[in-house]
Structure formats: C-alpha cells, structure tokens
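Keep in mind that what you see is a predicted model, and the values were worked out from it rather than measured.
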Amino acid sequence: MPTLWVGLLGLLALVYCPAEAAKNYASALSKSILFYDAQRSGPLPANNPVPWRGDSALNDCVVGGWYDAGDHVKFGLPMSSSTTLLLWGLIRFKDGYIKANQLNQMLDSIKWPLDYFLRAWNPSTRTLTVQVGDGYADHEWWGRPEDMTMSRPCQTVTTSNRGSDVAAGTAAALAAGAVAFMNNGDTVYSDELLVAAESLYDFAKTYRGIFYGAASFYSSSGDRDELCEASIWLYKATRLSKYLNDARSFVDTGTAWALSWDDKRAACQLLLYEETHENQYRSAVVNFLQSWQPGGGVSYTPCGLAWRDKWGANRYAGNVAFLALLAGEMGIDAAKYRKWAVEQVNFLLGDNNHAGGCFSYVVGYGNTYPLQPHHRSSSCPSPPQACNWDTYNLHSPNPHVLNGALVGGPDQNDNYVDLRSDYVHNEVATDYNSGFQGALAGAVHLEALHALPSTNNRCPCNQYHKYQRPNILCQLISPDIRDLIYSVNSYLQISETKYTLSTHISRYQRPNIHCQLISPDIRDLIYTLECRLVTMATFGLAVILMTTILLHSSESAKNYGVALAKSILFYDAQRSGKLPANNPIHWRGDSALHDCVVGGWYDAGDHIKFGLPMSYTATALVWSLVRFKDGYQRAGQLNQMYDMIKWPLDYFLKAWRPAQNELVVQVGDTHDHDVWGRPEDMTMNRPCAVVNTAHKGSDIAAGTAAALAAGSIAFKEKGDTAYSDQLLSAAKSLYAFAKAHRGLYKGAAEFYDSSGDKDELCEASAWLHKATNEAHYLADARTFVEHEAAWAYSWDDKQVACHLLMYEETKDNQYKNLVTSFFHDWMPGGSVLYTPCGLAWRDKWGSNSYAGNAAFIALLAAEDGINSAAYRKWATEQINYFLGDNHHNGGCFSFEVGYGSKYPLHPHHAGASCPDRPAPCGWPQYESIAPNPQVIQGALVGGPDQHDNYHDVRSDYVQNEVADDYNSGFQGALAGIVHLQATNSLPATNNKCPCNA
C-alpha cells in the first residue's frame with residue numbers, strides 16, 4: 001500500500017501538466033551563442049568556452065572572423081548578413097539577453113566578426129577583403145581547422161573589382177554594431193565601428209557592382225537590399241537624413257521571397273517602417289508575412305514548419321519568425337505574428353514528430369537532437385587522433401557536441417535523416433542560426449513581459465502518440481515527488497515478473513524509468529483527463545488509475561510475445577507466389593506466379609529465392625517450434641507459426657524432384673538488384689538454377705533435407721501425420737541424393753558462398769535420426785560432425801547446431817564440450833567483441849543476426865542442461881539489447897521493426913519502401929529520405945557497428961538490411977524466452993544500457 005499512496009502523489013504531480021511542453025528559450029539562446037563561439041577563426045581568447053577548439057588560420061590575410069558552416073572558408077556575404085541580424089536581435093531584444101543571463105556572452109560573441117570587418121576594410125586603399133579560403137580546395141579536405149595546411153587565398157573588392165553587395169552588407173553590420181555598443185556604453189568602440197561603416201558605405205554606393213567570386217556558393221542577386229539596409233542602419237546610428245533618403249531610394253517594396261543572406265528586402269521594409277511609420281512600408285511587411293502564413297505562398301510540413309526550400313528549411317522559418325516578432329514589437333498584428341513566430345520556434349525545439357516526437361533541431365538542446373551535423377571540427381576526435389574522410393564516413397555521432405547549431409532541417413513532409421553526409425538536411429551555418437537566435441531572444445523578451453502567446457502547434461511535444469508519451473508525462477513530475485516514489489523501493493508486480501526501481505539513479509534521470517512502466521492504454525486515460533487531476537473530487541479516479549498502473553504497467557519490461565508475433569508477420573511479408581486468403585499483410589499481393597517453382601520466401605529486401613539461406617532459416621524456425629512449442633502457445637501464435645512455416649516447406653516439396661534427382665535451389669539472379677520496386681510488379685526474367693547429379697550442390701540439398709526432416713517432426717506433433725509423412729519421404733530421398741553426389745553449389749557465390757557441406761549433411765542426418773530413430777542416420781552424423789568450435793551459427797555454418805543435436809541424441813560429452821567451447825568464444829572475455837551496450841558483435845554484416853542466432857543456441861543448450869543459468873541470462877540480455885536495452889536514439893530503441901515506440905523507419909526492403917498502388921515505385925523511392933510507407937513488422941535489421949552506432953538509412957544495406965536468416969535465430973530465442981516465462985524461469989538480467997535506466 002505505501003507504493004500505491006506514493007504513486008498517487010506522483011500521479012497527481014504528473015497530471016497537473018505545468019511545463020514539460022514549455023520550451024526553455026533562454027537555454028536555447030545560450031547554446032546558439034556557443035555555436036558562434038565554435039565557429040571562430042584566429043587566435044582564440046582566454047575565455048574560449050569551446051574546449052575542443054583552438055587557434056587556427058593564424059596566417060590568413062585577415063585573421064579572425066567566423067568559419068562559414070561545416071567548412072573553413074570565411075565568406076563575407078553570409079558573415080555580414082548573420083552579424084547584422086544578430087545585432088538587430090541584440091538591440092531590439094536586449095532584455096531577452098539580460099533575462100537569459102547572456103548579455104555579456106552575446107557582446108563578446110558579436111565583437112568577433114565586427115573586429116574582423118574592421119581589419120578587412122582598408123579605407124585608405126579602398127580595399128575590402130570579402131573572402132578567405134577557396135571553397136573548392138577547402139571542400140576537398142575533411143579535418144580540424146587547427147590542422148589546415150592548404151593555401152587560403154584572399155579575395156577583395158576594390159574600385160575595379162566591384163562588390164557593392166558584400167561591401168554594403170558589411171557596412172550594415174558595422175553600423176548596427178555601432179548602435180549596439182553605443183547602447184551598451186562602449187562609445188569608443190561604437191565610434192570606431194561607425195567611422196568604418198560610413199566610409200565603407202560610401203565606397204559601396206560609389207562603386208556599384210556584384211561580387212561573383214563566391215558565386216558557386218553564395219551567388220548574390222543584387223545590391224539594392226544591402227545598400228538599403230546599410231543606409232537605414234547608418235540613419236539609426238547618426239540620424240543624418242541623407243541616409244534615410246538613400247534608404248528610400250534603394251528600398252524595393254515588392255514581396256520578398258525570404259529573409260536571407262541574399263535577400264534583405266523585408267528587413268529594409270521593416271526598418272524603414274520603424275523609422276517613418278509610413279503605410280507603404282507597413283503594407284510591404286504585412287504582404288511578406290502574410291505570404292508566410294498558412295494559405296500564403298509558402299508550403300507547410302505536416303507538423304507545421306513553414307517550409308520555403310530544401311536548403312536550410314529551418315533557417316528560412318527561423319529568420320521570418322524573427323522578423324515577425326520584430327513586426328509585433330512595432331504594432332503590426334502583434335498577437336497574430338507573435339503566435340505564429342513562437343510556433344515556428346517551438347517546431348524547431350521539439351514540436352514535431354521526428355524520432356518519436358520532441359526532437360530538437362538545435363544540437364545539444366533537449367533529449368534528442370542531431371548527433372551528426374555536417375561539421376568538420378566537431379566530427380573530429382580530440383588530437384592526436386587522426387581526422388579525415390574516414391572520419392566523415394563513420395556512422396557514429398560527432399565526438400564533440402556542436403551546442404546550439406541549427407541544422408538545415410526536414411524535407412517538405414517532415415522527413416529528416418541525421419546523417420553527416422547529408423549536407424542538405426544536416427548542414428549547419430552561421431546564417432542558419434542568425435534569425436533563429438534573434439527569435440529566441442524575442443521569445444525570452446516576451447516571457448520577461450509575461451506576454452508569451454499561447455500556441456497551437458500541430459505536433460506538440462506533450463501530446464504525441466500514446467506509445468511516445470511516457471517521457472513527456474513523466475518529466476512533469478518534480479524531483480521531490482520522484483524521490484518519494486523511488487524511496488519506497490518496492491516491487492511492481494508486472495506480467496508475472498517483478499521489477500525493482502533503483503534508488504541509485506540521479507533524481508533528474510528517474511522519471512523515464514518509472515513512467516515507461518505505464519502502459520500505452522493507461523497513458524491514454526491520463527491524457528483523456530486533460531491533465532486536471534488536481535482536486536479531491538477526482539481523487540477517487542486517481543486511485544483507480546494508479547491501481548491500474550500498478551497492475552498493468554510494463555513499458556520497460558520486454559513483451560517477448562508481441563515481438564514473436566511480429567517476427568512471424570515478417571515472414572508472411574516475404575512470401576512469394578499466390579497468397580492465401582488469410583494473408584495478414586495488406587500491402588502484399590500475388591507475385592512471381594510464373595516462377596519455375598512458385599512459392600517460398602524472398603530472401604531479403606530483394607526478390608531472389610536463395611535455397612541455402614531459406615533452408616537454414618526454415619530449419620532454425622522449425623527447431624524453435626519443436627523445442628519451444630509452449631512459447632508459441634503462450635504467445636497465442638501457434639497456429640500462425642504452423643501456417644507461416646508451411647510456406648517454405650511446401651516450396652521445398654515442389655522444388656525437389658526425386659524422379660529426376662533434381663532440386664531447384666535458386667529463382668532469380670543478380671539482375672534483380674538492378675530493379676527497385678514491388679515484387680507484384682516484376683517483369684524481368686527470373687531464371688532457375690538447379691542441382692542434380694551433374695551440377696553438384698550437396699550443401700544446399702542437405703540443408704533442404706534438414707528443413708524437411710525437422711518439419712516432419714513438427715507436423716507430426718501437430719497431429720498432421722499425412723503432411724509429416726510427405727515431408728519425411730522427401731527428406732530421406734533428398735538426403736540420400738546429397739550424400740551420394742557431393743559438391744558445393746557455387747551459383748550464388750556472389751551472395752551466399754558456401755564453405756562446405758559437412759555441417760549440412762551432419763544436421764540433416766541428425767534431424768532424420770530424430771524423425772526416424774534409424775541408427776544409420778546417427779552413424780552418418782558421427783562421420784560428418786566436425787570437432788572444432790564454430791565461428792558462428794549461420795546459413796553457412798551449422799556446426800554448433802550439429803554439436804548440440806548430437807549431444808541431445810547421444811549425451812556424449814565430446815559434443816557438449818564443443819558447445820561450451822563455442823560459447824566460451826561468445827561470452828564476454830572470449831574472441832567475440834562486445835559493443836559498449838553489450839551486443840555480442842561478430843561481424844558488421846548482420847551483427848544482430850549473429851547475436852540472435854547464438855542466443856537461440858544458448859537457450860537450446862540450457863534446455864539440455866548445459867550451463868543453464870549463465871546461458872539463459874546471456875541470451876535474454878542479447879534479446880533485450882535488440883528490443884531496447886541500448887542507447888541508440890536516446891535509448892529504448894528497438895532493432896525489430898514495429899516493436900516499441902522507436903524502431904527503424906527505413907529498412908532496406910524494396911516492397912516496404914513502395915507506396916500503395918497505383919502510385920509508382922522505383923529508384924526515387926529508394927533514394928527518398930521518407931520513412932517506408934509500409935511497416936515491415938517484425939523484421940530484424942542488420943544492426944549497429946562495433947561501437948553501437950547505427951544509421952536508419954535505406955541505402956545502408958550493411959546496417960539496415962533485413963533478411964530471412966536474420967530473423968530465424970532471433971525468433972527462436974523469443975520463443976525460448978516466452979517458454980521461460982511460461983515456466984517461471986525467466987532469468988534476472990543486467991544489461992549495460994537498460995531501457996528503464
């Protein structure tokens with residue numbers, strides 16, 4: 001009962017709902033300043049707050065300034081534009097910086113580019129340095145700026161080499177800087193900036209012409225917007241009417257496309273309205289902002305981002321949000337534009353549906369944010385470790401967190417991939433953050449005035465899908481209430497398994513643990529109350545809710561039965577041929593009806609039918625059905641499993657033609673990989689490959705015989721003796737054929753290159769002995785068994801399976817010792833490597849499958865009395881890793897598609913990547929960064945690298961492939977664990993990265 005009462009206190013605190021959805025704009029603001037600190041070039045100051053940055057580019061023709069983006073070029077046009085916007089935010093929302101305790105940091109940050117501009121402009125020679133570094137040469141190199149050795153040429157604008165666009169843009173920054181530092185009392189520095197601004201503006205106005213030296217990267221469309229902006233900022237700094245007159249002459253009152261480094265028209269219009277209050281400028285601003293409202297010319301993503309362009313989508317929205325807040329300050333539809341602007345900022349800080357929702361596009365802000373921004377120096381490990389293109393190609397998070405960087409953003413459908421090589425969506429840049437930072441300062445300013453608007457984001461962080469709600473709700477529980485809950489240290493009775501809530505976890509990390517025990521249905525009940533359980537009138541309902549939570553909670557506990565059911569669905573999705581009436585996969589239909597042998601399973605994400613992995617997979621799955629039948633029963637999946645496994649067995653019966661001594665072992669060839677699409681739409685030629693007395697293939701023939709023999713046992717136990725006899729007869733004749741005509745099948749060597757046939761012959765003879773109890777099969781198995789520890793259990797290596805089967809049949813310790821030798825290698829301390837979170841990692845190709853297969857063998861060995869406790873614990877920990885006990889994507893990530901709330905969205909699977917018909921499907925769908933339209937439930941993806949790094953990218957077939965053989969041992973292990981649950985024997989586990997901690 002103490003647990004219940006303390007839980008009630010937690011529930012009451014939980015449902016009050018004060019603030020998890022609230023964004024910490026001040027924190028985001030401080031991080032954005034840090035991003036600019038990380039972009040500094042030159043000798044860094046003693047107070048440098050970015051520990052992984054050092055002095056760099058000390059021999060540049062003009063030292064200092066900011067590196068532009070993820071590269072190390074210093075481009076004058078975007079640097080001056082960024083500086084001007086940032087200064088505008090500082091001037092107008094200075095109280096925002098003060099409230100966020102960031103005023104000094106901001107002044108320090110913005111002085112860096114201003115100092116650079118002062119050095120870059122030489123009024124006596126009328127020369128302005130506008131670029132340092134060559135974009136092409138710079139982009140051919142990946143590394144730290146501190147390590148640069150390439151030539152860094154300078155580009156200048158002069159009276160003969162014109163560049164009034166970049167010169168006027170720089171003058172605007174200097175003039176705005178003069179205003180900002182004058183407001184802060186630094187008159188000396190302000191005067192220095194103003195003098196430079198005036199002379200540079202005069203130069204720009206006199207020597208008109210566009211700078212094309214950076215055209216491949218920043219191609220300017222004109223100079224009038226920069227001249228207008230410079231003149232109006234000079235008017236603000238001096239109050240000289242000539243500058244206002246100039247601004248009137250340069251302003252373009254047409255509706256701008258965006259506010260950006262190349263288009264400052266909307267900024268100039270608003271600045272002129274601020275100075276003149278003339279309606280022509282107000283109307284121009286309103287027209288611009290209206291074009292960005294829903295229904296205007298700008299597109300919107302499903303979650304509400306105003307999406308202007310694929311390049312820096314977030315940047316455009318952030319810039320206009322800043323302008324909207326400025327317009328609100330000037331009395332232009334303040335309520336409307338403030339609300340819209342804050343909603344745009346909220347999207348960027350988490351009100352979106354990426355990665356399960358609550359995803360921050362600002363690096364370092366929140367719990368989930370980009371880990372691989374396209375940024376050289378943050379991708380580099382600390383010296384003296386090397387940094388180069390190998391580093392770029394790593395699928396691991398950047399070693400250094402580039403705090404505050406706003407990445408490019410999603411596509412028009414809210415799809416985003418956190419991939420370093422995707423510089424469209426994952427680039428960072430000084431101009432990307434500028435307007436966004438100003439909008440943050442504006443939001444903090446509104447908070448200071450208690451004028452922050454109520455918002456209505458489409459995908460709010462606090463009201464997302466019920467399977468993603470626990471992290472949201474639970475972060476509303478105050479640390480004190482969490483301490484009360486945790487101090488009870490009681491047990492929660494959950495699905496016949498007891499879970500202890502640890503008291504040794506930081507109090508600010510505990511809510512995810514407790515609340516992930518709340519089932520999705522209970523979360524729905526809580527949300528239905530609309531967060532109003534705060535009165536005694538609803539206390540009784542709270543009691544009912546909390547009691548239900550305690551009885552039904554189980555988010556951190558693994559639902560092995562559900563995972564098992566989903567794995568069966570994966571195999572149903574792999575069916576080739578004419579699908580049955582009870583086909584549970586709505587997006588699959590009849591296919592390959594003209595194959596030489598119809599039916600069977602497609603191998604992986606492609607549409608070839610390979611006999612070697614299909615027979616191995618079927619054998620492993622049947623073994624699990626024979627040994628862990630009660631697991632399938634307990635999961636309510638026994639009939640589904642019989643229905644599923646009959647599909648490949650029927651195919652093998654059709655593929656084997658004993659009268660001709662011929663076995664069809666492959667349908668389809670390498671040309672399959674030239675096509676991306678649905679199997680239902682295939683039109684290519686699908687040749688057949690066979691083994692016979694002349695074209696040997698005893699490896700694949702024996703492997704198929706093993707599947708048939710194992711199947712005969714399973715269906716005999718089901719009571720289907722007729723089908724069992726049919727399978728057994730085929731198994732016997734096929735085994736005799738394989739044994740008599742030895743030789744390896746090399747027709748699939750490019751994909752499945754067999755290393756021998758003794759393991760398949762051993763496995764086939766052992767299964768035939770189990771099916772018939774005829775001694776000659778056992779004698780054969782003894783001759784084929786190999787007396788050395790296997791490397792793995794896989795489609796090509798069934799040695800350990802044969803060792804275990806032989807031990808079951810003979811109880812001879814020589815076979816037991818071979819099994820224990822195998823696991824000596826696989827246990828920690830053996831030859832198999834382990835990832836930081838504890839995955840037994842054998843190889844980069846199908847790393848998950850190797851661990852799942854070994855886990856299955858471990859559970860089988862435990863049933864045979866071989867190191868039962870140790871093997872069961874180890875096997876369950878491996879499966880737990882797959883189902884969420886890892887740290888990918890913030891932890892609790894399932895490598896089984898469709899299981900849990902976070903799982904792969906882009907498995908490398910052609911059929912699942914296709915939209916519903918009649919929409920076309922081809923290579924554009926392969927290349928799309930959108931999630932697969934179809935969820936291929938139950939598929940186990942290839943898995944992470946040796947360091948737990950994993951990328952959910954369709955084109956990464958190493959880590960994101962799915963395949964029949966990948967799921968086979970994994971499914972068997974799931975059935976084994978459900979069997980242990982049924983017998984109250986599930987071991988306590990100790991995963992390194994548990995989902996609930």
- prompt: Looking at CG of Leu625 and CD of Gln971, how far apart are the two atoms once the value is rounded to the nearest 0.5 Å?
  reply: 9.5 Å

message: Could you check whether any side-chain heavy atom of Cys995 comes within less than 4.5 Å of a side-chain heavy atom of Leu883, counting everything from C-beta outward?
response: no

Validation row, ring centre Phe893 to ring centre Tyr903 under 6.0 Å: no

Stepwise side chain to side chain donor-acceptor pair (under 3.5 Å) check, Arg954 with Asn932: CA-CA 9 Å; Arg954 189 176 300 111; Asn932 287 5; 2.7 Å; yes

query: Donor-acceptor pair, Lys609 side chain versus Gly599 backbone, under 3.5 Å?
result: yes

- prompt: Do Met641 and Ser567 touch side chain to side chain, with heavy atoms closer than 4.5 Å?
  reply: no

message: Closer than 3.5 angstrom, by distance alone: can the side chain of Ser868 be matched with the main-chain N or O of Glu863 as a donor-acceptor pair?
response: no

message: Once ring pair (Phe, Tyr, Trp, His ring centres under 6.0 Å) is applied, what residue pairs with a partner in residues 614-634 remain, sequence neighbours excluded?
response: Tyr616-Tyr793, Trp623-Trp767, Trp623-Phe856, Phe628-His979

message: Let me confirm one number: the OH-CG distance from Tyr752 to Asp699, rounded to the nearest 0.5 Å.
response: 14.0 Å

field: Ionic contact status for Asp780 with Lys739, cut-off 4.0 Å
entry: yes

Minimum side-chain heavy-atom gap Asn867-Thr820 below 4.5 Å: yes

query: Are side-chain N/O atoms of His769 and Glu809 paired as donor and acceptor at under 3.5 Å?
result: yes

query: Taking C-beta and beyond as the side chain, do Leu579 and Arg588 meet within less than 4.5 Å on heavy atoms?
result: yes

- line: Rounded to the nearest 0.5 angstrom, the SG-CD distance for Cys802 and Glu763 is 7.5 Å

message: Could you check whether any side-chain N or O of Asp572 sits under 3.5 Å from a backbone N or O of Pro584, counting only pairs where one atom can act as donor and the other as acceptor?
response: no

field: Heavy-atom side-chain contact between Asn880 and Asn886 under 4.5 Å
entry: no

- request: Taking the side chain as every heavy atom from C-beta outward, state whether Tyr651 and Met614 have any pair of such atoms under 4.5 Å apart.
  value: yes

query: NZ of Lys902 to OG of Ser894: how many Å apart, nearest 0.5 Å?
result: 11.0 Å

- prompt: Is it true that Glu808 and Arg627 have a side-chain N and a carboxylate O under 4.0 angstrom from each other?
  reply: yes

- request: Would you confirm whether the ring centroid of Tyr850 sits within less than 6.0 angstrom of the ring centroid of Trp791?
  value: yes

- prompt: Side chains of Ile977 and Lys558: does their closest heavy-atom pair fall under 4.5 Å?
  reply: no

message: Could you check whether Thr617 and Asp964, counting side-chain N and O atoms only, form a donor-acceptor pair closer than 3.5 Å?
response: no

- prompt: Parallel, tilted or perpendicular: which fits the ring planes of Phe784 and Tyr735, with parallel below 30° and perpendicular above 60°?
  reply: perpendicular

- prompt: Looking at Ala789 and Leu818, what are the two nearest heavy atoms and their distance?
  reply: N-CD2, 4.2 Å

query: After noting the C-alpha distance and the side-chain angles of Val597 and Arg657, does the key distance pass the side-chain contact (heavy atoms from CB on, under 4.5 Å) rule?
result: CA-CA 11 Å; Val597 179; Arg657 299 155 184 168; 3.7 Å; yes

- line: To the nearest 0.5 Å, atom CG of Asp796 lies from atom CD of Glu760 at 7.0 Å

field: Expected output: side-chain Asn991 to main-chain Cys993 donor-acceptor under 3.5 Å
entry: no

message: How close do Ala705 and Leu734 get, counting heavy atoms only, and between which atoms?
response: N-CD2, 3.7 Å

message: Does the Lys NZ or Arg CZ of Lys811 fall within the cation-pi geometry relative to Tyr807 - under 6.0 Å from the ring centre and within 45° of the axis?
response: yes

- request: Scan for ring pair (Phe, Tyr, Trp, His ring centres under 6.0 Å) pairs involving residues 559-590, sequence neighbours excluded, and state none if there are none.
  value: Tyr571-Trp601

- prompt: Where is the tightest heavy-atom contact between Val941 and Asn848, given as atom of each residue plus distance?
  reply: O-ND2, 3.0 Å

query: Taking the six-membered ring for Trp, are Phe610 and Phe751 parallel (under 30°), tilted (30 to 60°) or perpendicular (over 60°)?
result: tilted

field: Derivation and outcome, side chain to side chain donor-acceptor pair (under 3.5 Å), residues Ser576 and Tyr602
entry: CA-CA 6 Å; Ser576 177; Tyr602 297 123; 3.0 Å; yes

query: Counting only N and O atoms by type, is there a donor-acceptor contact under 3.5 Å from the side chain of Gln981 to the main-chain atoms of Gly561?
result: no

query: Between Ser733 and Trp656, does any side-chain donor sit less than 3.5 Å from a side-chain acceptor?
result: yes

CA sep, side-chain torsions, deciding dist, call: Asp916, Gln934, side-chain contact (heavy atoms from CB on, under 4.5 Å): CA-CA 8 Å; Asp916 290 334; Gln934 320 297 346; 2.8 Å; yes

- request: Could you check if a side-chain atom of Ile866 sits within less than 4.5 angstrom of a side-chain atom of Phe823, using non-hydrogen atoms only?
  value: no

task: Start with the C-alpha distance between Asp797 and Ser794, add both sets of side-chain angles, then the distance that settles side-chain contact (heavy atoms from CB on, under 4.5 Å), and finish with yes or no.
output: CA-CA 5 Å; Asp797 192 344; Ser794 71; 3.8 Å; yes

- request: State whether the side chain of Tyr899 and the backbone N or O of Asn559 hold a donor-acceptor pair below 3.5 Å, judged by distance alone.
  value: yes

message: With a 3.5 Å distance limit and no angle check, can you tell me whether Lys566 reaches the backbone of Glu896 through a side-chain donor-acceptor pair?
response: no

query: Would you call Lys816 and Asp864 a salt bridge, taking side-chain N to carboxylate O under 4.0 Å as the test?
result: no

message: Taking side-chain hydrogen bond (donor to acceptor under 3.5 Å, both in side chains) as the cut-off, I'd like each qualifying pair that reaches into residues 701-727, sequence neighbours left out, listed once.
response: Asp650-Tyr723

query: Regarding Gln574 and His607, is there a side-chain donor-to-acceptor distance under 3.5 Å anywhere?
result: no

query: Counting distance only, does the side-chain N/O of Asn960 pair as donor-acceptor with the main-chain N or O of Gly942 below 3.5 Å?
result: no

field: Which atom of Val935 lies closest to which atom of Gly898, heavy atoms considered
entry: CG1-CA, 4.2 Å

field: Parallel, tilted or perpendicular: rings of Tyr950 and His888 (30°, 60°)
entry: perpendicular

message: Which residue is it: Tyr966, Phe895, Phe970? I am looking for the one with a ring pair (Phe, Tyr, Trp, His ring centres under 6.0 Å) to Phe882.
response: Phe970

statement: Closest heavy-atom pair, Arg634 versus Ala982, reported as atoms and distance to 0.1 Å, is CD-CB, 3.5 Å

- request: State the CG-CG distance between Asn853 and Asp965, to the nearest 0.5 angstrom.
  value: 7.5 Å

- prompt: Salt-bridged, Asp643 to Arg575, with N to O below 4.0 Å?
  reply: yes

- prompt: Do you know which two heavy atoms are closest between Pro679 and Gly911, and how far apart they sit?
  reply: CD-CA, 4.3 Å

Donor-acceptor contact present, side-chain Glu680 to main-chain Gly589, <3.5 Å: yes

query: Charged N to carboxylate O under 4.0 angstrom, Glu877 versus Lys992?
result: no

field: Evaluation steps, side-chain contact (heavy atoms from CB on, under 4.5 Å), between Arg686 and Ile608
entry: CA-CA 8 Å; Arg686 289 175 58 79; Ile608 306 176; 5.6 Å; no

Side-chain (His906) to main-chain (Asp952) donor-acceptor, under 3.5 angstrom: yes

